[in-house]
Amino acid sequence: MVANRTDSFPVPRIAVIVPAYGVAHLLGEALDSLLAQNCPDWECVVIDDGAPDDVAGAVAPYLADSRIRFLATPNQGVSGARNTAIAATRAPLIALLDGDDRFRPDYLGTMADLLEGDPEVRLATCNALIFGAVPKERLAFEAKQGTGDGQRGSLADVLDRSFGVYIGTTFRRADFDAIGGFDTTMAQAEDFDLWVRLMQLGGHARYVDRVMGEYRVRPNSASAHAGRMLLGNIKVYEKARAALPANAAEQALLDQLIVDSQQALDFEYAIDRVMDGDTARGLAELHRVKSRVSGPVWALSFLLWRVLPGLARPMLAWRRKAHSRGNQSGGVLGSVLPEGIAF
């Protein structure tokens, strides 16, 4: 059901979509950050996608503000939930805010200005603070974005992740409708898939090098396993390869990204074997794909495991925990392609 319908009111400047599955206890922080925005011309739909907790109770105190509405549906996954919530809004711009994250006060106004001021912007993103279940708070992006001026990213930049896209990102409703919304068949990397398909419309991505979002890592955050994320990456690349013209400049890049992702996936599967106790076979497979890694720590580790293979399992378990979601650069992007897998 939808509460507080606002169809008779003027169309707002921007719609904020807040999926809140399993984060009812944190939802107030997200909505407080929305109420604190410098730009007041927004609408918001909070969607309870068949959540196990009391999202309705958490949102109830905020429904006195006519800009905030509540929608409850049977569970359909985050992509379906976002599509449903977006369909219930009217604003020409759409911003995503997960129910456990926060916006800084200047987020909506800055993103709206960028999109309204440049029709070639397909998505607008920013830097963000990563906090919560991480050893130390850090920035989502610490290097120059993309291969150009650091503010604009091309399709190729988004594909190879030299231009990172923060999950709390803003785009046009017309573009979202043109590409058919979120792909509900994507079990992983659904955000990355949307960014890539938006960029296939032409134009560029826009980045603001300022912390305007706050991304919370929770101990039970989804998509923590690198193998599942890499499978999502491969599906995104294969979809892009099929959608682009055969002579598109990005085709060679996509071919290489698919190869790199598959090798990285093989590496993760080899680690799985070691973790499952099949040490000899797992280490043999790691040796076959060890070109994926470099550096003195990995070199010494392979030498050590040749003599003491029993140490491989605890060492690799530590490595997987250290590089889980939110503990390394790229973790807020939905899925990660390691260029050289760090230990």
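Atom set for the values below is all heavy atoms of this structure, side chains included, hydrogens, waters and symmetry mates excluded. Since we're looking at a predicted model, the values are computed, not measured.
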*asked:* Is the ring pair Phe176/Phe171 parallel, tilted or perpendicular, if the boundaries are 30 and 60 degrees?
replied: parallel
*Is the shortest distance from a Lys or Arg side-chain nitrogen in Arg152 or Glu120 to a carboxylate oxygen in the other one below 4.0 Å?*
no
*pair Leu286-Ile271: side-chain heavy atoms closer than 4.5 Å*: yes
*asked:* If you define the side chain from C-beta out and look only at heavy atoms, does anything of Asp193 sit under 4.5 Å from Lys235?
replied: no
*asked:* I'd like to know if Arg288 and Asp266 make a salt bridge, using a cut-off of under 4.0 Å between side-chain N and carboxylate O.
replied: no
*Should Trp305 and Leu316 count as side-chain neighbours, where that means a heavy-atom distance under 4.5 Å?*
yes
*Salt bridge check: are Asp175 and Arg122 linked by an N-O gap of less than 4.0 Å?*
yes
*Measure across Tyr107 and Gln37 and return the closest heavy-atom pair with its distance rounded to 0.1 Å.*
N-OE1, 3.4 Å
*Are Leu155 and Leu244 side-chain neighbours, meaning at least one heavy-atom pair lies under 4.5 Å?*
yes
*Would a 4.5 Å heavy-atom cut-off, applied to side chains only, mark Arg161 and Phe192 as touching?*
yes
*Less than 4.0 Å between a side-chain N and a carboxylate O, is that true for Arg82 and Asp191?*
yes
*Lys/Arg N to Asp/Glu carboxylate O, Asp177 vs Arg173, below 4.0 Å*: no
*Taking Glu238 as the fixed residue, which of Ile258, Leu254, Leu257 is the one that meets the side-chain contact (heavy atoms from CB on, under 4.5 Å) rule?*
Ile258
*Cluster overlap Val134 with Leu129, hydrophobic side-chain contacts below 4.5 Å*: no
*asked:* Looking at Asp100 and Arg218, is there a salt bridge between them, counting it only when a charged N and a carboxylate O are closer than 4.0 Å?
replied: yes
*Is it possible for you to say whether Val46 and Leu35 belong to one hydrophobic cluster, with membership spreading through side-chain heavy-atom contacts below 4.5 Å?*
yes
*Closest approach of Arg210 and Cys126, non-hydrogen atoms and distance?*
O-CB, 3.8 Å
*Is a side-chain N or O of Tyr237 found less than 3.5 angstrom from the main chain of Leu253, in a donor-acceptor match?*
no
*Any idea which heavy atoms bring Pro12 and Arg90 closest together, and the distance?*
CD-NH2, 4.1 Å
*Student check: side-chain heavy atoms of Asp157 and His204 closer than 4.5 Å*: no
_Determine whether a donor-acceptor pair (N or O, by modelled atom type, separation under 3.5 Å) exists between the side chain of Asp65 and the backbone of Arg67._
yes
*N/O donor-acceptor pair under 3.5 Å between Asp101 side chain and Tyr215 backbone*: no
